[in-house]
Amino acid sequence: MSMQGWEVVIGLEVHVQLKTRSKIFSGAATAYGAEANTQACAIDLGMPGVLPVLNREAVRMAARFGLAIDAEIAPRSVFARKHYFYPDLPKGYQISQYELPIVGKGHLEITLEDGSARSIGVTRAHLEEDAGKSVHEGFGKASGIDLNRAGTPLIEVVSEPEMRSAKEAVAYLKKLHSLVRYLEICDGNMQEGSFRCDANVSVRPAGSSEFGTRTETKNLNSFRFVEKAINFEIERQIDVLESGGKVVQETRLYNPDTGETRTMRSKEEANDYRYFPDPDLLPVELDAAFLDVLRAELPELPDAKAARFQSEYGLSAEDAAVLTASRELADYFEAAASRVKDAKLAANWVLSELGGYLNRDDLEITESPISSDALAGLLARIEDNTISGKIAKEVFEAMWSGEGDADTVIEARGLKQITDAGAIARIVEEVIAANAGQVEQYRAGKEKVFGFFVGQVMKATQGKANPAEVNRLLKEKLQG
Amino acid sequence: MHDKSLRELATGLRNREFSSSELTRHFLDRIGQHDSSLNSFVTLCEAEAMKSAEAADRLLAEGDGHVLTGLPLAHKDIFCTRGVKTACGSKMLDNFIAPYDATVVEKLSAAGMVTLGKTNMDEFAMGSSNETSFYGPVRNPWDTDLVPGGSSGGSAAAVAAGLVPVATGTDTGGSIRQPAALCGVTGIKPTYGRVSRWGMIAFASSLDQAGVFTRSAEDAALVLQAMAGFDERDSTSLDREVPDYAADLSASVEGLKIGLPSEYFSAGLDDTLRDVVDQAIKEFERLGAEVREISLPNSGLAVATYYVVAPAEASSNLSRFDGVRYGYRADNPVDLEDLYKRSRGEGFGREVQRRIMIGTYVLSAGYFDAYYLKAQKVRQLISDDFRKAFESVDLILGPATQGPAFRLGDKLDDPVSMYLNDIYTIPANLAGLPGMSVPAGFVNGLPVGLQLIAPWFAEGRLLSAAHQYQQVTDWHRRVPGDFS
């Protein structure tokens, strides 16, 4: 694909499921994975005569999000009905916000791979209810409807069309994902649909100020799919335009199996949603005092935390960014760092060793078999010279497999470092005595042979000799 | 027993003149004897009613219970009743049994009232003659060739014929006051938000309000007292204390300032009905009220405004009836669209379909501003008219309808003429005000009603004014000859 001469314009609409215990307009539970239709009450089913009552907690969470992206929080927002017929939409309309959303203009700061930072505008975020799910398999020619999800609170976060590549879009999405988890308003589980993204993509000749015709791609339930789908769409649209065609405004569906997008419905088939204010619900009115309380309750957010990690622990910007990507990871790091002398040592171990094992076993930081306390216990043994860094990796592996804490493993496996100068000196002397040829080479000026002696000593001590002491004694004895 | 007021029946129960079981049996028997000519009931709950009556008798024997305990009642079939069919006058819900009670049903049952059954109504409360019901028209007890009014026609006719001493209703554009007037009974629609809408099948959510039909204002006060109040399940219900309506009934009319809107006495009003209203005004003056003419300049826009707002909300509220989860479902649909089209096409009657189409149209892109938004603005003007009027008067008085009951079928093919039936009642709905219709005399041997409208939350003033009027008149005691 040649991007030459084209500029990409991307805007994202992200549906963030709020992790309230009950639904936005009913008392039914929101937990994922229950047996079909067991978490849907008369209100969720759209029975005759039932009425919605707004969940305060959902409002609180939405406002919390708005404050975190430095947005205007509407003192008065209004729920509207969005009409369309579909079997998983029980009332024939979705209660959403239209003209007066709860969260107005805000912004998210993203950091790109080259380290440069950008601010991406958020147009608005509004509260709405989720629909149920249609199940098309297992019912022969019919479809099944599961209304457990119907009425689950969502905020739909709409960005400005300010992203210029799939990578930027993913950076924005990851930042948003991190933020909603920091705020504890969403579990962020993309597989279960708690965090869903639709991508609006268009291309235009570089330098043009007018937008090209856009398509909206749905069903993007992982960061990787978002990137692939956007890149597919960019390429497709450029191909269409370069071969003299026109991009059709439409909704497209991403197929993760093929990596392609295909037409779902065209603009002509789009519904006229007939929005109007929901007469069953009063406007949501938020006063300054309520927002002040929410503001005071906001946790330290990723950007502020990363800055503090740099100044407080002397971490690089890159390490700080990775460590603060999730609140749990940041908390893990800080807990470990607070118990060792060298925070950078903790950062290195969390990022490399721990990160590698988590990745290998596909675990979340919260599922790590080694707690932050246990890791700190291991690092303390490096710092007090009980073990070397190299031995520590062996201890880490044993801890990971459940052999106990660092001290238990060191004791059981006899990994305690030999620091006794007398004991090391004896071994050094043995090694020198057994390798007269190499001693001669060394003394003749071939200093590279020094490494051979270190290796021999380590081999003889199973790596347990204190490396600094080995160096010092070898140098001393070899000089003769 | 059926010619007694609710208050008299309550006293009779306390004094052991008769038991609730006897009372219940009596009314059930009357329904059995007379309802075939009226069609006012769609469902009878005979066994459940006798059981409730026995329970009430046990309470009364112990000297317990509410003032309403043991008194028979009927609910308009728009109120959901747990375990009992709630069809809302529609084929769409002919198979629907709600697993919950409406708040109104719950509260009146909790007060110990005995539900005899569910009353007939216009389909989804859309109509002014009770002819749009899937269960056939209700007939007026004063002349069975005539309509009882609508949409709560079954409740009005049943109370007028002495088949039940009290029946609930709902009023979106006049559906309590107009049939109350045409059947010669007392009907009250409280302030919007006074009575919970939970479990009341929605027609137009911003206008719908529950109320009652009784034989007197005093009876209405007793029942409304038990129905009203804040309900956390209805976000539009108002958290405001409910005054003691019965205690306030004795409030004097002396010095009460009553406004007569000139717009309610203009062309279209039947001359004899005008005389009836003039007589009523004289009664109020004799009682010491000060009467003055006022103006509600935007009244003339009320019907047009209503027929944008109400269908808009109805088209949305009735979207849930899609044949998927409950209610009528077309046989053998070939696909989803066919399921929707035929379920709704076959399940809804013509008037309901007409209003869904009007409502869908006025909410559509390109028409929304010109219709729905404009109507909301006019609605505000109508409300402002009342606000201004109530700065100088305490109560507004006028006719409830332009004339007495009309013949079945007369207006069925002329929707606009049918819609104009509610010309005097609609403004109070648009403004959310409490309104009442009280029997005030006869036109050609048919009862007509006086309409009273009070400021927001002044139901007590409505009830006491009506009660004082009923102390010096006996129109509310007249009963149709065939049902005496």
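Keep in mind it's a predicted model, so treat the numbers as computed, not measured.
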Chemist: Given that the side chain runs from C-beta out, which part of D280(A) has a heavy atom under 4.5 Å from chain B: side chain, backbone, both or neither?
Modeler: both

Chemist: Would you confirm whether the ring centroid of F124(B) sits within less than 6.0 angstrom of the ring centroid of F203(B)?
Modeler: no

Chemist: Checking side-chain hydrogen bond (donor to acceptor under 3.5 Å, both in side chains) for the pair T217(A)/T261(A): CA distance, chi angles, key distance, verdict?
Modeler: CA-CA 7 Å; T217(A) 302; T261(A) 67; 5.0 Å; no

Chemist: For E216(A), is there any backbone N or O sitting under 3.5 Å from a side-chain donor or acceptor partner on T251(A)?
Modeler: no

Chemist: Just by distance, no angles: are the side chains of T20(A) and E57(A) close enough, under 3.5 Å, to form a donor-acceptor pair?
Modeler: no

Chemist: Does any backbone or side-chain atom of E337(B) lie under 4.5 Å from a heavy atom of chain A? Answer side chain, backbone, both or neither.
Modeler: neither

Chemist: Any idea which of Y326(B), Y372(B), F79(B) has the most non-hydrogen atom pairs under 4.5 angstrom with chain A?
Modeler: Y326(B)

Chemist: Please determine, among G27(A), A42(A), P90(A), S26(A), the option with the most heavy-atom pairs under 4.5 Å with chain B.
Modeler: P90(A)

Chemist: Which bit of Y273(A) comes within less than 4.5 Å of chain B, counting heavy atoms only: side chain, backbone, both or neither?
Modeler: neither

Chemist: Go through the atoms of N317(B) and report whether side chain, backbone, both or neither lie under 4.5 Å from a heavy atom of chain A.
Modeler: both

Chemist: Can you tell me if R124(A) and H126(A) form a side-chain donor-acceptor pair at under 3.5 Å?
Modeler: yes

Chemist: For the residue pair Y93(A) and R320(B), confirm or rule out a side-chain donor-acceptor distance under 3.5 Å.
Modeler: yes

Chemist: Among Y367(B), F368(B), Y340(B), single out the residue with the greatest number of heavy-atom pairs under 4.5 Å to chain A.
Modeler: Y340(B)

Chemist: Less than 4.5 Å to any heavy atom of chain A: does that hold for the side chain of L373(B), its backbone, both, or neither?
Modeler: neither

Chemist: Heavy-atom pairs under 4.5 Å with chain A: which of A365(B), P99(B), A102(B), S206(B) has the most?
Modeler: A365(B)

Chemist: Which region of S196(B), side chain (C-beta onward) or backbone (N, CA, C, O), has a non-hydrogen atom less than 4.5 Å from a non-hydrogen atom of chain A, or is it both or neither?
Modeler: neither

Chemist: Given a strict heavy-atom distance threshold of 4.5 Å, which part of F321(B) is in contact with chain A: side chain, backbone, both, or neither?
Modeler: side chain

Chemist: Is it the side chain or the backbone of A98(B) that comes within 4.5 Å of chain A heavy atoms, both, or neither?
Modeler: neither

Chemist: Answer yes if the side chains of K76(B) and S151(B) hold a donor-acceptor pair under 3.5 Å, and no otherwise.
Modeler: yes

Chemist: Looking at F457(B), is R240(B) sitting on its ring face, NZ or CZ under 6.0 Å from the six-membered ring centre and within 45 degrees of the normal?
Modeler: yes

